[in-house]
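Numbering of residues begins at 1 and proceeds along the displayed sequence.
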Amino acid sequence: MRFAYPTSAPRARLHMTILLALVWLVAALPAGATTPATSPEVLPDGSPFVTLDLGEPWVATTSAFSIDATVQIDRPSEYLESRLQIHNPSGSLMFQKTEVRNNEPTGTVTFTFERELADLNLSPGIYPVELRVRSDSGTVREWIITESLILFDATAQPVPFSLIVSVSSPTATDPAGRFVVDPGRFDRARTEVEALCRLVLDEPRMSAGLAIPPVLLEEWAHVASGYETSGPEGIQSVEVDAPIPREYEATLELLNQALDTGRLELLSVPYANPLISGLERSGRLGDIAVHLERGLSAVVASIETSPSSGVVLADGRLPNESVNSLTVRGIEFAVVAQTAIASAEETPVSAPYLIEATSTTDRFVALATDSEIATALAAGDGTSAAHMIFGRSLSAEPTAPLVASVLVGPGRDMNIETLATCLSGLADAPWVHFVSPGAAASSAALTSGSLASDVETNDNAPAGYWDECAEAREYAEALVVAAGSADAQAQLAQDASLISQDAAWAGPDGSWSSADRGRGFASSASREAHSILDAISISTQDMTLSSATGEVPINIANSSNKTLTVRVVTTAAGIELSSGNDVVLVVRPQDNFLTIPVDLQSSLSGTLNIQVLAGDTALSSAVVTVRASYLDRLAILGGASLVLVGLLLFIRHRVRSVSTADTI
């Protein structure tokens with residue numbers, strides 16, 4: 001390209017032109033040659049020296065692009081060059097154009113690069129863009145800006161994208177239900193949910209799933225109706241019409257409004273969202289069902305609605321043996337981590353997987369989330385997230401839903417305000433279509449898969465933590481069976497034992513900094529249950545029956561003030577039970593008597609092992625030895641002996657008769 005200079009320039013100007021040409025020649029030399037000085041990326045006032053404006057960061061393959069490069073000149077520039085290059089995804093040069101300006105004064109210069117694309121027959125893809133600006137203002141300076149231009153197929157179906165926002169926050173109450181953390185000061189989880197609801201209400205193109213532990217919704221409803229705090233100043237009451245309760249009530253109302261749009265799906269979450277790895281370690285996987293049942297009642301009581309048929313578990317994994325317990329409760333899909341899917345690939349792709357359920361009539365889907373998209377969104381990098389979603393449109397399954405799950409709450413880097421900026425850009429992208437988790441699970445583009453059985457976990461709970469939780473759960477369950485689910489103390493122990501399993505006690509960094517609070521709930525549940533169940537005792541004594549049959553009396557004492565339902569299980573050795581060995585008994589306060597029918601038959605003695613249980617938990621036991629009376633036993637033996645003697649005499653007589661007949 002020729003440089004345009006005035007022909008009337010004096011000889012000194014001509015010398016300057018030659019000098020500038022030499023400078024640019026040196027700048028173009030290979031590595032090792034003198035390179036031009038580079039100034040800071042911004043001007044003294046903080047504004048960028050060079051900006052690149054793609055207009056829209058995406059263009060249809062049959063459309064045209066128009067890209068502006070703006071240069072803020074902080075000093076007169078004798079020579080200003082702007083070069084734009086666009087490369088194919090393979091790296092080859094697709095477009096290049098250079099524009100030059102001479103003798104530009106201080107101010108703003110804009111270069112516009114335009115090109116029709118229809119005649120190029122370009123394939124959809126991500127095309128790298130590079131802008132290089134050189135300026136000579138006595139010193140040669142250079143700036144390079146890189147961007148990406150997405151060329152998309154305007155006729156293709158957009159990629160279904162489902163976003164799930166999971167909320168994690170430990171309960172702010174103690175086992176008695178009083179707040180030990182001020183809900184007015186520490187309300188990050190509530191404000192995040194409120195911001196998500198406003199985002200859904202304000203953006204009609206937005207659709208998302210919300211996974212929030214029901215214990216939090218129950219806690220918020222508790223605050224909204226007035227609450228008590230426990231601290232150094234003693235027990236303090238906050239009335240329902242105070243500012244904090246009104247704020248929580250407004251949040252719950254806003255949540256209902258967002259759910260009513262149908263674009264926010266409230267997913268099922270176990271009551272206190274326990275760590276699956278912890279349940280496995282303590283042999284309490286069956287507690288998932290208890291959490292779900294308690295969680296459903298908490299949600300209905302808090303916001304008068306029911307969650308959807310999808311479930312979100314704390315550590316993103318689901319054991320095979322738990323699938324059936326989910327399907328029988330109406331759960332149709334679970335949101336899991338990519339690593340929770342068994343696959344020959346190193347990292348399974350994010351997609352809905354059809355899992356073979358235990359029941360042949362049940363259809364169960366696992367929605368595998370994309371960890372890289374989630375990481376980009378958590379960092380506020382909407383561009384990278386958009387590129388990754390666009391990558392699905394170029395795959396062999398462009399209509400297979402993509403799923404991403406982000407975690408918000410106290411101590412988390414992610415917040416809804418940052419997320420909203422990313423989502424606004426994604427909503428504008430023509431290749432992205434937001435869908436609910438339920439819609440993603442119902443997609444026709446399902447891949448058959450199975451759940452991984454060897455998923456690594458990062459459960460760094462303190463030694464003995466899960467054992468304490470298991471004991472609390474065992475005795476709380478026993479108390480519920482004995483006293484009934486409507487009993488206030490039984491419900492208090494049950495809730496505390498479930499809350500002790502909460503994954504939120506691990507904290508945002510997984511250090512289990514709040515483990516002592518979790519242990520406090522486990523300890524409270526155990527104490528509550530033992531204070532009642534330990535009141536059950538059994539007393540009896542060895543006895544001698546007057547005949548081969550009889551009844552063994554036992555006394556079950558109940559020193560509590562509650563009427564309890566227990567099981568009396570009897571196992572016998574050397575003795576027969578005349579009735580069933582497993583009896584349900586209602587024991588009232590004080591003494592309760594029960595008789596066990598037995599039959600010694602031909603035995604001289606036998607033993608009974610008697611246990612009192614609540615559910616499957618043993619509360620008390622006793623061993624009873626039962627004998628027949630001595631004279632009765634002698635009579636029986638004598639009678640048997642006479643029968644044997646008579647039989648022998650009869651046989652002898654018959655033998656002699658036969659022998660005599662043979663001799664004759």
Side-chain angles (χ1 to χ4, degrees), residues 171 173-178 213-228 268-274 284 286-307 325 328-330 469-502 521-537 556-568 582-590 592 612-620:
T171 179
T173 64
D174 61 15
R178 295 189 180 95
V215 66
L216 285 185
L217 289 177
E218 191 174 61
E219 181 178 295
W220 297 355
H222 180 180
V223 177
S225 61
Y227 60 97
E228 291 183 340
S268 295
V269 177
Y271 178 64
N273 208 15
R284 301 293 306 187
D287 286 344
I288 293 178
V290 183
H291 275 277
L292 287 173
E293 291 174 3
R294 179 67 179 89
L296 176 61
S297 64
V299 171
V300 172
S302 301
I303 57 176
E304 298 181 350
T305 190
S306 297
S325 65
V328 298
R329 286 168 176 79
C469 292
E471 180 184 357
R473 288 291 305 122
E474 178 187 356
Y475 281 93
E477 282 283 276
L479 181 58
V480 169
V481 172
S485 58
D487 183 83
Q489 283 181 278
Q491 188 61 68
L492 197 65
Q494 176 87 307
D495 288 353
S497 69
L498 294 174
I499 293 172
S500 72
Q501 298 172 328
D502 195 345
F521 278 88
S523 176
S524 174
S526 294
R527 285 196 309 271
E528 195 77 33
H530 278 290
S531 68
I532 298 171
L533 298 178
D534 289 353
I536 299 293
S537 62
I556 300 176
N558 177 7
S559 59
S560 75
N561 60 356
K562 294 181 182 292
T563 298
L564 304 174
T565 301
V566 298
R567 292 167 54 211
V568 181
D582 194 334
V583 179
V584 175
L585 182 67
V586 176
V587 291
R588 294 175 175 81
Q590 304 305 322
N592 300 264
V612 180
L613 302 96
D616 293 324
T617 302
L619 306 181
S620 184

Looking at [atom1] of [X] and [atom2] of [Y], how far apart are the two atoms once the value is rounded to the nearest 0.5 Å?
X      : Y      : atom1 : atom2 : result
Asp174 : Ser524 : CG    : OG    : 8.0 Å
Leu296 : Arg329 : CG    : CZ    : 11.0 Å
Ile536 : Ser559 : CD1   : OG    : 7.5 Å
Asp616 : Glu474 : CG    : CD    : 9.0 Å
Asn273 : Ile499 : CG    : CD1   : 12.5 Å
Leu479 : Ser485 : CG    : OG    : 11.0 Å

All salt bridge (charged side-chain N to carboxylate O under 4.0 Å, His left out) counterparts of Arg178, not counting sequence neighbours: Glu228
Per the side-chain contact (heavy atoms from CB on, under 4.5 Å) rule, which among [options] passes with [X]?
X      : options                        : result
His291 : Val269, Val215, Leu498         : Leu498
Val566 : Leu619, Val481, Val584         : Leu619
Val612 : Leu564, Thr617, Ile556, Asn558 : Ile556

List the atom of [X], the atom of [Y], and the distance in Å for their closest heavy-atom pair.
X      : Y      : answer
Pro270 : Pro214 : O-CD, 3.3 Å
Ala472 : Ser526 : CA-OG, 3.4 Å
Ala476 : Ser497 : CB-OG, 3.5 Å
Ala529 : Tyr475 : CB-O, 3.3 Å

Any Arg588 side-chain heavy atom under 4.5 Å of Lys562 side chain: no
Donor-acceptor pair between Thr171 and Glu219 side chains, under 3.5 angstrom: yes
Flag for Arg527-Ser523: side-chain donor and acceptor within less than 3.5 Å: yes
Please set out all donor-acceptor pairs under 3.5 angstrom arising from side-chain atoms of residues 300-307, sequence neighbours excluded.
{"residue": "Ser302", "atom": "OG", "partner": "Leu217", "partner atom": "O", "Å": "3.4"}
{"residue": "Ser302", "atom": "OG", "partner": "Glu218", "partner atom": "N", "Å": "3.4"}
{"residue": "Ser302", "atom": "OG", "partner": "Ala298", "partner atom": "O", "Å": "2.7"}

Verdict with reasoning, Val290 to Arg473, per side chain to side chain contact (heavy atoms under 4.5 Å, CB included): CA-CA 10 Å; Val290 183; Arg473 288 291 305 122; 3.8 Å; yes
Working for side chain to side chain contact (heavy atoms under 4.5 Å, CB included), residues Glu528 and Gln494: CA-CA 10 Å; Glu528 195 77 33; Gln494 176 87 307; over 6 Å; no
